[in-house]
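All values derive from a computational prediction rather than experimental measurement. Letters A, B, ... are given to chains in the order of the sequence lines, protein chains preceding strands, and every chain is numbered from 1. FYI, side chains are in, hydrogens and waters are out, and symmetry mates aren't considered; it's all heavy atoms of this structure.
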Amino acid sequence: MLFEPQDQFLQRKRKLEQIAALGYDPFPHKFAFTHTPAAVVRQYASRTAAELEAQPISVRVPGRILTIRLHGKTGFAHVLGEGERLQIYVRKDVVGERGFELFHRLDIGDIIGVVGHLFRTRTGELTVWVEELVLLTKALLPLPEKWHGLADVEVRYRQRYLDLLVNVDVRRVFERRARLIAEMRRFFEARDYIEVETPMMQLIAGGATARPFVTHHNALNLPLYLRIAPELYLKRLVVGGLDRVYEINRNFRNEGLSTQHNPEFTMLEFYQAYSDYRDLMDLTEELLTGLVRTVCGTTTLPYGAHQVDFTAWQRLSMREAIQRFWPAEAGPAPTPADLARPGGPHRAVEQYNTYARRTQRTPIEPAQLSEGVLTGLLFEAVAEEHLIQPTLIYDFPADLSPLAKRRDDDPTLAERFEIFAGGLELGNAYSELNDPEEQEQRFREQIARGGEEVPKQLDEDYLRALCQGLPPTAGAGLGIDRLTMLLTDRHSIREVILFPLLRPEVRDSAPPTAPEVVERK
RNA sequence: AGGGGCGUAGCUCAGUGGUAGAGCAGCGGCCUUUUAAGCCGAAGGUCGUGGGUUCGAUCCCCACCGCCCCUACCA
């Protein structure tokens, strides 16, 4: 075992041997500590030099060395713990000959424990006056450079442990993500929801339109899919009388990667019986505004060049949004009534395409698409990028929404809404379709239409569950990763996922082999 | 999948058709309140990989590998 940089690796191994030769246990089993570096900083930041002298504070602090400055018979170092750095001061006349020998053999990256008391240096920095020093773990590899840190995104993602150590704000992002999920659980807990876990390995990957990952169970000799959504299982649970359920967990979609897409991603899905999508609009706004307030301590978030105000929600129907954001240069905007008329979306698409060709934009391909699909495409082309402020877009074309209930007054529309903020699509919700006959018909239409992102098989068990009776229910899904992006002002999903999917690293050895490689053209 | 960009020391980056530099880190030395510590000295590179053009390539051309960004599918 030998890693780059080899010279430093070997050098550090030598030092480890020298430390052992001095009589220190090179791998001690524990360190009884009184404070982490962060705790020291938190508790004693306001203590003056005089106060620390009058009332000495003894501490035992573990931490990882970030910097070392040797000054002959003394030396300073900073140790890191819980995301904060704390200075230590080591003197030969205090720690003794052997202790100072140890200090000289320490490297940046080593984990040590110090015993001593707090004081302030001439420049006023809170510092541990070290009386005893121990090595807790030797680092055989160096840390990235102290001033510029680690900037190479590839190394940052592959060796996230380095990124977390060296880039303080990265730690903050994941602390905030954890806080967000914790607050989410409190929110649903307080509303009598029950948290559940449903299968991630499924015989039929339903509940969304996406290409699934395929796997196989040996003992049962079963082909299985990694789930693309928990939706159909959660609704089975509502049938079973769990009137309010939620799940926070991973979904897997075998699609391309982008700044907004990782093949595995985390979703919150929640279902509430005896409610419709209007109820969920209120609940969703309350959830998001509350989360932003408790997690960020404010309701206005900076996101890139924008300020996103979570007290200023707007609600637009999809047709209203098309009218509202219709480009002026494309001529008079179609009204919701125009878009509702038969042939209306077709005419609007033609009008849009004329404008698109003139302005070097991608036109919409109208061939063989339904009015509903065209309306959805128009919305994406014209409106989506403008949805910076928190917005609910509602009343989707029914033929884009096979699991949603139709509106009573307009069966071409589904009772469905999506949540947008910061230009990100954050979530999706609807009044759940609970008429088993209509559900079967919509499933069959979907299967007939075909495509890799559609299940090949009818989920009969789900239909049987619906026949048992799903109460009127509304459900929603919220992308946790994207929400984290918004709350931490990150613009790539990889910045909010600890280990995003990357191609395997090629080290000198043979390429990685999979037991079963599925060949696809 | 298509288009654009990037790849030089462990890290952050300069640079040139005549095989390379800085700062930090590392190594040897000096230094008892420093903090991007300082000073002296020595070391460190198949310039992503493989071809081609050339007397000569890290630089020019081609292919490949990896990463980033945009577009397409999706949340």
Subject >> Base B:U34 paired with A:R69 side chain (donor-acceptor, <3.5 Å) >> reply: yes
**OP:** Using a 4.0 Å heavy-atom cut-off across all strands, classify A:D152 as base, sugar-phosphate, or nothing.
**Re:** sugar-phosphate
**OP:** Enter the distance from A:Y430:OH to A:E432:CD here, rounded to the nearest 0.5 Å.
**Re:** 5.5 Å
Original post:
When we call it a touch if two heavy atoms are under 4.0 Å apart, what does A:E453 touch: a base, just sugar-phosphate, or nothing?
Top reply: nothing
Subject >> Sugar-phosphate, base or nothing in reach of A:T259, heavy atoms under 4.0 Å >> reply: sugar-phosphate
**OP:** Would you indicate, yes or no, if B:C73 has its OP1 or OP2 atom less than 4.0 angstrom from a side-chain nitrogen or oxygen of A:R253?
**Re:** no
**OP:** Determine whether the aromatic ring centres of A:F188 and A:F270 lie less than 6.0 Å apart.
**Re:** yes
Subject >> Distance, rounded to the nearest Å, where A:F119 contributes CZ and B:U32 contributes C1' >> reply: 11 Å
Subject >> Pairing partner of B:G66 (Watson-Crick or G-U wobble, both distances under 3.5 Å) >> reply: B:C6
**OP:** Specify the separation, in whole Å, of atom CZ of A:F3 and atom P of B:A25.
**Re:** 25 Å
Original post:
When the distance from CG of A:L162 to C1' of B:C24 is rounded to whole Å, what number comes out?
Top reply: 16 Å
Original post:
Stacking between A:F265 and the base of B:A75 (centre distance under 5.5 Å, interplanar angle under 30°)?
Top reply: yes
Original post:
Base, sugar-phosphate, or nothing: which does A:L426 touch, judged by heavy atoms less than 4.0 Å apart?
Top reply: nothing
**OP:** Would you tell me if any nitrogen or oxygen in the side chain of A:K15 comes within less than 4.0 Å of OP1 or OP2 on B:G26?
**Re:** no
**OP:** Return the nearest nucleotide to the side chain of A:I493; candidates are B:A75, B:G10, B:U34.
**Re:** B:A75
**OP:** Check every strand shown and say whether A:E255 touches a base, only sugar-phosphate, or nothing at a heavy-atom separation below 4.0 Å.
**Re:** base
**OP:** Check the distance between B:A36's P and A:I68's CD1 and give it to me in whole angstrom.
**Re:** 16 Å
Original post:
Taking the same atom, C1', in B:C47 and in B:A9, what whole-Å distance lies between them?
Top reply: 10 Å
**OP:** Calculate the interatomic distance between A:R14 atom CZ and B:G26 atom P; express it in whole Å.
**Re:** 14 Å
Original post:
So which nucleotide from B:U12, B:A25, B:C68 ends up closest to the side chain of A:L150?
Top reply: B:U12
Subject >> Working for side-chain hydrogen bond (donor to acceptor under 3.5 Å, both in side chains), residues A:E247 and A:T198 >> reply: CA-CA 8 Å; A:E247 176 164 7; A:T198 60; 2.6 Å; yes
Subject >> Integer angstrom distance from the C1' of B:G48 to that of B:C59 >> reply: 15 Å
Original post:
Of all the choices, B:G66, B:A75, B:C27, which nucleotide is nearest to the side chain of A:E154 once you look at every atom?
Top reply: B:G66
Original post:
A:E418 near the nucleic acid: base, sugar-phosphate alone, or nothing, with a heavy-atom cut-off under 4.0 Å?
Top reply: nothing
Original post:
Which part of the nucleic acid, if any, lies within contact of A:E425, taking any heavy atom under 4.0 Å across all strands shown: a base, the sugar-phosphate backbone alone, or nothing?
Top reply: sugar-phosphate
**OP:** May I ask you to verify if any side-chain N or O of A:S492 is less than 4.0 angstrom from the OP1 or OP2 atom of B:C69?
**Re:** yes
Original post:
Quantified in whole Å, what is the C1' atom distance between nucleotide B:C62 and nucleotide B:C40?
Top reply: 50 Å
Subject >> Whole-angstrom distance between B:A42 and B:G26, as gauged at atom C1' >> reply: 12 Å
Original post:
Nearest to the side chain of A:W147, which nucleotide is it out of B:A75, B:A36, B:A25?
Top reply: B:A36
Original post:
Given A:R177 and A:D481, is the salt bridge (Lys or Arg N to Asp or Glu O under 4.0 Å) satisfied, shown in steps?
Top reply: CA-CA 8 Å; A:R177 179 179 172 128; A:D481 313 280; 2.9 Å; yes
**OP:** Identify the nucleotide, in any strand shown, that forms a Watson-Crick or G-U wobble pair with B:C73, with both distances under 3.5 Å; if there is none, say none.
**Re:** none
Subject >> Nucleotide nearest A:R503 when distance is taken to its side chain, options B:U34, B:U12, B:C67 >> reply: B:C67
Subject >> Gap between atoms CG and P, on A:L86 and B:U33 respectively (whole Å) >> reply: 19 Å
Subject >> Pairwise P distance for B:G15 and B:A43, with rounding to whole Å >> reply: 26 Å
Subject >> Atom-pair distance (CG on A:L501; C1' on B:C67), nearest Å >> reply: 13 Å
Original post:
So which nucleotide from B:C68, B:A25, B:G10 ends up closest to the side chain of A:P5?
Top reply: B:G10
**OP:** For A:T127 and for A:S258, find the nucleotide of RNA chain B with the closest heavy atom, then tell me which residue's nucleotide is more 5'.
**Re:** A:T127
Subject >> Any donor-acceptor N/O pair under 3.5 Å between B:U34 base and A:T121 side chain >> reply: yes
**OP:** Please determine, for the side chain of A:R158, which listed nucleotide (B:C67, B:G26, B:U32) has the closest atom?
**Re:** B:C67
Original post:
When rounded to the nearest Å, what value does the distance between P atoms of B:U58 and B:U19 take?
Top reply: 11 Å
**OP:** For A:R494, report the nucleic acid contact type (base, sugar-phosphate, nothing); a contact means any heavy atom under 4.0 Å.
**Re:** sugar-phosphate
Subject >> Heavy-atom donor-acceptor pair, A:T289 side chain to A:F310 backbone, under 3.5 Å >> reply: yes
Original post:
Which class fits the ring pair A:Y89 and A:F119: parallel under 30°, tilted 30 to 60°, perpendicular over 60°?
Top reply: tilted
Original post:
Using the ring of each side chain (for Trp, its six-membered ring), is A:F103 parallel, tilted or perpendicular to A:F100, with breaks at 30° and 60°?
Top reply: tilted
Original post:
Nearest of B:U33, B:G66, B:U12 to any side-chain atom of A:F76?
Top reply: B:U33
**OP:** Give one of base, sugar-phosphate or nothing for A:G477, where a contact means two heavy atoms less than 4.0 Å apart.
**Re:** nothing
**OP:** Specify whether A:F417 and A:Y277 have parallel, tilted or perpendicular ring planes, treating 30° as the upper limit for parallel and 60° as the lower limit for perpendicular.
**Re:** tilted
Subject >> Side-chain donor/acceptor of A:E125 to base of B:U33, under 3.5 Å >> reply: no
Subject >> Rounded P spacing from B:C31 to B:G44 in Å >> reply: 28 Å
**OP:** Can you tell me the pairing partner of B:U54 across any strand shown, Watson-Crick or G-U wobble, with both distances under 3.5 angstrom?
**Re:** none
Original post:
Does a donor on one side chain sit under 3.5 Å from an acceptor on the other, for A:H78 and A:E125?
Top reply: yes
Subject >> For atom NE2 of A:H71 and atom C1' of B:G29, their distance in whole Å >> reply: 16 Å
